Amino acid sequence: MDSVNATSREALQPGIPQPGILESSIASATQGVLDFQQSDGHWVFELEADCTIPAEYVLLRHYLAEPVDAVLEAKIGNYLRRVQGAHGGWPLVHDGEFDMSASVKAYFALKMIGDSVDAPHMVRAREAIHARGGAIHSNVFTRFMLAMFGVVTWRAVPVLPIEIVLLPFWSPFHINKISYWARTTMVPLMVIAALKPRAKNPKGVGIDELFLQDPRSIGMTAKAPHQSMAWFLLFRSLDAILRVVEPMFPKSLRQRAIDAALAFTEERLNGEDGMGAIYPPMANIVMMYDALGKDENYPPRAVTRRGIDKLLVIGEDEAYCQPCVSPVWDTTLTAHALLEAGGDKAVPAAKQGLDWLIPKQELEVKGDWAVKRPDVRPGGWAFQYNNAHYPDLDDTAVVVMSMDRMRREHGATGYDAAIARGREWIEGMQSDDGGWAAFDVNNLEYYLNNIPFSDHGALLDPPTEDVTARCISMLAQLGETEKTSKHVAAGVAYLRKTQHPEGSWYGRWGMNFIYGTWSVLCALNMAGVRHDDPMIRKAAAWLASIQNKDGGWGEDAVSYRLDYKGWEAAPSTASQTAWALLALMAAGEVDHPAVARGVEYLIATQNKKGLWDEQRYTATGFPRVFYLRYHGYPKFFPLWALARYRNLRSTNSRVVGVGM
């Protein structure tokens, strides 16, 4: 009777959602998520980046002189025109600032599709580009594309001698001292740079009009803001020397290096899923084989080219190309949300998804990560359908936690071996500073971000707060504490020293301080750090202080600025609101008024399908360079937060007992 009366009293309190309304919202969201489940049990939602990938896809087809698909090009053109910014150029995120490289690529693709340079949107784009100094300010990746099309000369890009692949590991630069995404992109690009091919470009389209000078007169890029002047000048001098001596390299050495690059590539081709299972290396591989004289029927080229088309999202009026696909990530996160929601439909569906994940675990291939951890057995999951050489720690930790929940809460069997191997791999992949990175270990060669090629500042994969938190969450959910596990103790120490003065943590893979703080608070709670610890109290107070007036939370990509100023305000989004709510609840603040307001915000903004609309980008590929919009985030994260709120409010402990 007391609990019933308590529930009645809560229903009458202002600011606390009525149980019936909350339950209805959860039920509607659960059904909305269930409707997206694939026939074999997994989930995969669209993964949208900015305009650069669809623009590059169009340009790739014309580079290769493929037959024009007018219908597809028209749909991609519609997409590119829609995402053009009010400033006339193209941004990296929804409603974002002008970005030069994105604008140059989008303009080039639209001109290639057939848009008149005199069309109003093209005039606006050209004026916006001119107003910011012209296309000379494009980044290195864009310049390589322009060099291949003959718009600029090869003097405008850094020297990338293919002989790099032959260097020993002790040398200052080695392909295993950079991140997996840089490694897989650079190896085929170095072959292209050695051969210096010219795009077929049957229409002969160029974009000289985007430059304020003769584009064939421009030289190298200027120092990037993140680069040290001393290091940059050293590497620029080395680049100048290489530019002179590279033509003198023995032909036999060059051929040996090309052969080594081909061997590296073909070991990792990965079928139609592609090397690295991401667009940039796949596109470079196709162009590399073309430059080597291999026609479209050559098996490695043909299978990679088919894989690129599998990244397309083609709608009735629009189409775009995804940077990759995210089925493992989507499936395990959806399973977490459904396990939180519970019910006769949700739990069996979650189990079906988790069963689909079991054979996706990589137990045989020792990927590139094993260069620095040769004695560790494989046991991770990749982000995509297949990517054996490049499993990641974030996916692995989240998969293990979801499987552990299923076996603990519902008595499901068949997960023990997978959980044990995943745990073993993650423990073996901890870096020396106590943190965990996404794909590699001890990738701490920060000086390499000063090479001319690294104007994007994303050459490395060092440990980060969010991935470290996820690995701690997993180990703690499996029963470890600071006292029983050296891995947890070192990880918590890493998090203590990386907290920002205002209380937040950096989010490398989600935007940004809200995401990082959610990740860390979940980990600290699960690891047994007391809720009255100053670290947790400061973080919870900070989260409550940045809540928007509408009850939600939001954060802008500008928060990744190099001159750190912390969180940057933005309109509320469903996913960022859910992260803030889950974070506060992990910190023991389920009864905080900010949590009730956040729950009210989610209920009020739920659409007729039971889900949430979210145009803003809330995830990160590379800070300041490349952002992501996971179409699944506004579906499963709000459900997760609402169900967590309901579950905690119905218990006396008010303590989150799982790692996420």
Side-chain angles (χ1 to χ4, degrees), residues 92-94 96-97 226 394 435-438 457-458 462-470 472-473 491-492 494-525 529 533-587 589 592 594-595 598 601 614 616-630 633 637 641 660:
L92 299 179
V93 294
H94 180 73
E97 299 175 354
H226 71 274
D394 210 355
W436 279 270
T464 61
E465 295 88 321
D466 46 358
V467 180
T468 298
R470 210 87 68 224
I472 293 171
S473 285
V492 171
Y494 174 91
L495 295 178
R496 283 191 182 278
K497 69 185 179 185
T498 53
Q499 186 176 25
H500 289 289
E502 77 283 357
S504 72
W505 280 271
Y506 176 75
R508 166 63 180 82
W509 298 99
M511 200 175 293
N512 168 352
F513 298 104
I514 295 175
Y515 182 89
T517 304
W518 158 62
S519 302
V520 173
L521 286 178
C522 288
L524 297 178
N525 169 70
V529 178
D533 186 295
M535 174 170 53
I536 291 181
R537 295 274 43 86
K538 185 185 290 187
W542 172 78
L543 273 173
S545 74
I546 63 165
Q547 187 174 27
N548 286 338
K549 290 182 179 180
D550 61 9
W553 278 264
E555 183 172 358
D556 196 273
V558 178
S559 67
Y560 284 108
R561 61 200 301 166
L562 281 172
D563 55 332
Y564 169 74
K565 288 183 169 59
W567 168 85
E568 296 278 350
S572 297
T573 66
S575 57
Q576 289 168 320
T577 298
W579 298 335
L581 290 173
L582 290 165
L584 286 168
M585 289 186 280
E589 296 290 349
H592 195 292
V595 172
Y601 169 83
E614 187 169 283
R616 297 186 66 84
Y617 286 44
T618 63
T620 311
F622 310 121
R624 299 178 298 280
V625 178
F626 190 71
Y627 299 100
L628 298 167
R629 178 186 170 212
Y630 286 85
Y633 277 16
F637 276 122
M660 289 184 75

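For clarity, every value in this text was computed on a predicted model and none was experimentally measured.
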Do [X] side-chain atoms and [Y] backbone N/O form a donor-acceptor pair below 3.5 Å?
X: N548; Y: D550; value: no
X: T517; Y: W505; value: yes
X: E614; Y: T573; value: no

Looking at E502, I want to see if its CD is surrounded by more than 12 non-hydrogen atoms of other residues, nucleotides or ligands under 6.0 Å. yes
Please determine whether the number of non-hydrogen atoms from other residues, nucleotides or ligands lying under 6.0 Å from atom NZ of K565 exceeds 12. yes
Are the side chains of [Y] and [X] in contact, using a 4.5 Å heavy-atom criterion?
X: T498; Y: Y506; value: no
X: Q499; Y: K538; value: yes
X: D556; Y: R616; value: yes
X: S504; Y: W567; value: no
X: R561; Y: E568; value: yes
X: W542; Y: R537; value: no
X: T620; Y: W509; value: no
X: V529; Y: I536; value: yes

Do you know the tightest heavy-atom contact between [X] and [Y]?
X: W553; Y: L543; answer: NE1-O, 2.8 Å
X: G491; Y: W436; answer: CA-CZ3, 4.2 Å
X: S473; Y: S519; answer: OG-O, 4.5 Å
X: L521; Y: A539; answer: CD2-CB, 3.9 Å
X: T468; Y: G435; answer: OG1-CA, 3.3 Å
X: M511; Y: A557; answer: SD-N, 3.4 Å

Nearest-0.5 Å distance, [atom1] of residue [X] to [atom2] of residue [Y]:
X: D394; Y: T464; atom1: CG; atom2: OG1; value: 7.5 Å
X: Y617; Y: L92; atom1: OH; atom2: CG; value: 9.5 Å
X: L584; Y: H592; atom1: CG; atom2: NE2; value: 7.0 Å
X: I472; Y: N525; atom1: CD1; atom2: CG; value: 12.5 Å
X: Q576; Y: N512; atom1: CD; atom2: CG; value: 9.5 Å

Lys/Arg-Asp/Glu bridge criterion (N-O < 4.0 Å) met for E465, K497: no
Ring centre gap for Y564 and F513 strictly below 6.0 Å: yes
Please list, chain by chain and in numerical order, all residues satisfying salt bridge (Lys or Arg N to Asp or Glu O under 4.0 Å) with R624, sequence neighbours excluded. none
Answer with yes or no whether the side chains of T618 and S575 bring together a donor and an acceptor at under 3.5 Å. yes
D533 and L524: side-chain contact (heavy atoms from CB on, under 4.5 Å), yes or no, with the steps? CA-CA 10 Å; D533 186 295; L524 297 178; over 6 Å; no
Test the R470-W518 pair against the cation-pi criterion, namely NZ or CZ under 6.0 angstrom from the six-membered ring centroid and within 45° of the ring axis. yes
Going by the angle between their ring planes, with limits at 30° and 60°, are Y627 and Y560 parallel, tilted or perpendicular? tilted
